[in-house]
Amino acid sequence: MTHPIGIFDSGYGGLTVFKSIAALLPEYDYIYLGDNGRAPYGNRSFETVHQYTRQCVEWFFSMGCPLVILACNTASAKALRTIQQHDLPLLAPINRVLGVIRPTAEVIGNYTTTGKVGVLGTKGTIASESYKIEISHFYPHIQVFQQACPMWVPLIENGEHEHDGADYFVQKYLNDLLHQDTDIDTVLLACTHYPLLLDKIKKYLPGNINVVSQGDIVANSLASYLQRHPEMDIRLTQNGSTRYFTTDDTIDFDTHGSVFRGAILQSIQVAIP
Ligand code: DGL
């Protein structure tokens, strides 16, 4: 039996993070789960995001994963703390669930010189203020300006992100962010779907602004975690395998997912809970 690392997202977005993880740590076994049947999570309540995420984490554990990465900012913002503090001790005390917000907050100070950072995310991530809180722990002097971009995930999930119609909403949210402060020099894509809009985002941002995606940040943080936690590392099998699961249609997942992953993939449908 394999003991893979579980990679979770509400849908396809986590594949942008998994792409970086698989490139950096190809030797491990992985299971990716997209909860496409219930996506998007971005506008859902704390209770619902926690319930859905916990059910998916339980499924990963039942598949033999000792370690699960929530490659979804919305789930990291709204469910991770409760899962770590409340659910994990009851479900599987020696297993671990990690998110994407803390590793990103840890390094964001390396990108800014003005100390003014813009954060783009789903409504849920922005309303949780998770980035403001986490960044203030590591960099108390950094000012965080937030902008919710509720139309971006639906545009991406529906394959409209490369078409001209998407430009209106890309430009609108970027303008709304930059109007908050003219000295913002770093824009963080705090949603794992947004790297698919990178070309358009760069088109509408002044060239001196750094655009930060999370894939490589999360991959580096996972590599460092595994080095610092040999007791976890030894529990993970290393055959270089990946299996993809979705809670919705597999043909849709394989078609859209391969664009996010940058490779052909074949998924299996699973019912959760
Ligand atoms: N990919 C998820 C994130 O990083 C958002 C997608 C959704 O709204 O479900 O927040």
Side-chain angles (χ1 to χ4, degrees), residues 6-21 32-57 68-81 83 97-105 108 118-132 134 146-161 166 169-170 173 187-198 201 211-219 221-222 244-248 252-253 256-257 259-261 272:
I7 311 283
F8 171 71
D9 184 50
S10 58
Y12 306 113
L15 290 165
T16 63
V17 173
F18 179 55
K19 186 178 174 183
S20 297
I21 291 177
Y32 183 92
L33 171 66
D35 192 7
N36 300 77
R38 302 187 290 193
Y41 281 13
N43 293 338
R44 295 190 189 274
S45 68
F46 271 85
E47 292 72 22
T48 304
V49 173
H50 170 238
Q51 183 196 343
Y52 289 177
T53 308
R54 193 196 59 232
Q55 289 167 350
C56 292
V57 165
V68 178
I69 311 294
L70 303 185
C72 174
N73 286 272
T74 310
S76 299
K78 291 183 147 186
L80 181 61
R81 185 183 297 257
I83 288 175
V97 181
L98 306 174
V100 290
I101 295 178
R102 193 190 159 105
T104 309
I108 199 69
V119 173
L120 303 170
T122 64
K123 261 188 178 170
T125 299
I126 297 306
S128 76
E129 305 234 306
S130 301
Y131 275 97
K132 277 195 165 177
E134 286 290 340
Q146 305 195 102
Q147 180 62 46
C149 311
M151 287 302 290
W152 285 7
V153 169
L155 284 169
I156 295 166
E157 290 270 324
N158 288 291
E160 292 293 334
H161 52 285
F169 282 107
V170 170
Y173 297 141
V187 169
L188 169 64
L189 307 186
C191 171
T192 54
H193 279 66
Y194 295 174
L196 270 86
L197 282 170
L198 192 60
I201 291 169
V211 183
V212 181
S213 304
Q214 296 176 293
D216 291 348
I217 294 173
V218 175
S221 163
L222 175 59
Y244 297 93
F245 294 85
T246 173
T247 57
D248 206 354
D252 270 0
F253 186 89
H256 291 299
V259 178
F260 285 73
R261 173 68 180 88
I272 292 177

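One-based numbering, in listed order, for ligands and for the atoms of each. Just the heavy atoms: all of them, side chains too, but no hydrogens, waters or symmetry mates, feed the values below.
Using modelled atom types, one finds no donor on one side chain facing an acceptor on the other under 3.5 Å when comparing Tyr41 with Asp9. With hydrogens and angles left out, the side-chain atoms of Asp35 and Ser10 include no donor and acceptor closer than 3.5 Å.
Protein residues with any heavy atom under 4.0 Å from ligand 1: Asp9, Ser10, Pro40, Tyr41, Gly42, Cys72, Asn73, Thr74, Thr122, Val153, Cys191, Thr192, His193.
Between Phe260 and His193, the two ring planes are perpendicular [angle over 60°; tilted spans 30° to 60°]. Classified by interplanar angle (parallel below 30°, tilted 30° to 60°, perpendicular above 60°), the ring pair Tyr32/Tyr244 is tilted.
Other residues, nucleotides and ligands contribute more than 12 heavy atoms inside 6.0 Å of the CZ atom of Arg38.
The one candidate from Thr246, Ile272, Ile7 that meets the side chain to side chain contact (heavy atoms under 4.5 Å, CB included) condition with Leu33 is Ile272.
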